[in-house]
Amino acid sequence: MTTPSSPANEFGALPAELAGFRPHAAMVLGSGLGSFADAAEKLFEIPYSAIAGLPESKVPGHAGKFVGACLAGVPLLLAMGRVHYYEGHTPRQIAAHVRLMASLGPDTLVLTNAAGTLNRDFAPGEWMMLSDHLNLTAASPLSGGPNFHDMSDVYTAPLRDFFRAVARDGGITLHEGVYACVPGPQYETPAEVRMLRTLGADAVGMSTVFEAIQARALGQRVAAFSCLTNWAAGVSSEPLSHGEVMDTGRQAASALAGLLQAALRRGLPAP
Ligand code: HPA
């Protein structure tokens, strides 16, 4: 296997707290979703800038740090903030924090993002668990070698079964659907949204798939959740704004925090 899918020692010496941490699960918290960390006991915080080789985000709301935390007795490594394709980073750079976290041994990666909803049954403010994705960036974090990884079960079915049951038992609305990843940074046109619906997408966003592909290539299980922050362009007559995306994300964050806490208390299923 060539370097793109191996957790190579590409980051130099890690800060000691991070290097010695053995998380059971890793999580990436996207736009406006950082409040999940408030519910956890924080063990340490390390800014991405303290680690050589990690790109830093310039997007408001993407703090850019690792938080070591403990929730319901489970050690977690949280990546607060990510970088995006539209900032000019390569797919491999975008997935760097996933490689770093994977090198510390967790078998499960939970990804979160903000997305527009194309599905009239999935309202803004609600959550969608990804059943699959459409990578419409025409790019991959695995480029550079014959990394022919199977992607037929990116969002691991047993984990989806588990989270579906946790949501049902907790009375938390959790849709399931297909996430289309577009390069951005501009939002879509109504014609593009009609195209995405024709392609089978339920939600559209600008992140997550490179991280999911990277994690699967490293043998991790992946679960991913979209906070549906707005109707996609043309679905409603309202113009889209980053402010709306952030506000809805913050308001909806507690529902996902509740779901993840309940999931950790129940105990993630064994791989
Ligand atoms: N489109 C693309 N990305 C997004 C959207 C959207 O409508 N909402 C949040 N991220």
Side-chain angles (χ1 to χ4, degrees), residues 27-36 57-64 79-89 91 94-95 110-139 154-155 173-213 223-257:
M27 295 185 184
V28 179
L29 300 173
S31 305
L33 304 176
S35 68
F36 169 70
S57 176
K58 298 164 196 77
V59 182
H62 290 253
M80 315 275 293
R82 53 158 65 91
V83 296
H84 298 83
Y85 200 41
Y86 58 74
E87 295 176 75
H89 302 289
I94 290 163
V110 175
L111 298 168
T112 66
N113 63 43
T117 166
L118 285 64
N119 185 325
R120 289 177 204 277
D121 294 330
F122 299 179
E126 296 178 338
W127 284 87
M128 183 188 92
M129 178 162 63
L130 276 63
S131 57
D132 205 343
H133 71 224
L134 294 163
N135 178 5
L136 300 178
T137 64
V154 178
Y155 305 98
T173 302
L174 184 64
H175 302 293
E176 259 175 276
V178 174
Y179 173 88
C181 177
V182 294
Q186 72 286 349
Y187 292 118
E188 299 67 43
T189 65
E192 287 166 343
V193 168
R194 287 194 297 277
M195 173 192 74
L196 293 172
R197 199 181 283 124
T198 304
L199 292 178
D202 296 290
V204 56
M206 306 174 194
S207 69
T208 301
V209 302
F210 294 151
E211 293 153 303
I213 291 167
F225 301 90
S226 288
C227 180
L228 304 171
T229 51
N230 56 281
W231 291 115
V235 181
S236 95
S237 53
E238 293 295 311
L240 274 63
S241 80
H242 185 59
E244 177 196 6
V245 168
M246 297 296 292
D247 287 348
T248 310
R250 270 189 288 270
Q251 286 162 29
S254 63
L256 189 78

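As the structure is a computational prediction, the values presented were derived from the model and not from experiment. Both ligands and their constituent atoms are indexed starting at 1 by order of listing. Residue numbers run from 1 in the order of the sequence given.
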Under a 4.0 angstrom heavy-atom cut-off, which atoms of ligand 1 come close to [X]?
| X | value |
| --- | --- |
| Leu240 | 7 (O) |
| Thr229 | 8 (N), 9 (C) |
| Met206 | 2 (C), 3 (N) |

Q) Side chain, backbone, both or neither: which part of Val204 has a heavy atom under 4.0 Å from ligand 1? A)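 Both backbone and side chain.
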
Q) Which is it for Ala233 and ligand 1 at heavy atoms under 4.0 Å: side chain, backbone, both or neither? A)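 Answer for Ala233: neither.
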
Please list the nearest protein heavy atom to [atom] with its residue and the distance rounded to 0.1 Å.
| atom | result |
| --- | --- |
| atom 5 (C) of ligand 1 | Gly116 N, 3.4 Å |
| atom 2 (C) of ligand 1 | Glu188 OE2, 3.2 Å |
| atom 3 (N) of ligand 1 | Gly205 CA, 3.4 Å |
| atom 7 (O) of ligand 1 | Asn230 ND2, 2.9 Å |
| atom 10 (N) of ligand 1 | Ala114 O, 3.4 Å |

**Q.** Close side-chain approach of Val235 and Arg197, heavy atoms under 4.5 Å
**A.**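 They are in contact (side-chain heavy atoms under 4.5 Å apart), so the answer is yes.
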
Q.
Are Asn135 and Phe210 packed together at the side-chain level, in the sense that at least one heavy-atom pair is separated by less than 4.5 angstrom?
A.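 Answer yes - side chains close enough.
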
Q) Looking only at heavy atoms, which two atoms of Tyr187 and Met206 are closest? And how far apart? A)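 Residues Tyr187 and Met206, closest heavy atoms: CD2-CE, 3.9 Å.
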
**Q.** Main-chain N/O of Ser207 paired to Tyr179 side chain as donor or acceptor, under 3.5 Å
**A.**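 Checked: pair present.
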
(Q) I'd like to know if the side chain of Thr137 reaches the main chain of Val182, judged simply by a donor and an acceptor atom lying under 3.5 Å from each other, with no hydrogens or angles considered. (A)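 Side chain of Thr137 to backbone of Val182: no pair is present.
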
Q) Going by distance alone, is a donor N or O of one side chain under 3.5 Å from an acceptor N or O of the other, for Asn119 and Thr117? A)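 No pair is found: no donor N or O on one side chain lies under 3.5 Å from an acceptor on the other.
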
**Q.** Phe225 and its side-chain contact (heavy atoms from CB on, under 4.5 Å) partner, picked from Val110, Leu111, Leu130
**A.**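 That would be Val110; it is the only one of Val110, Leu111, Leu130 passing the side-chain contact (heavy atoms from CB on, under 4.5 Å) with Phe225.
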
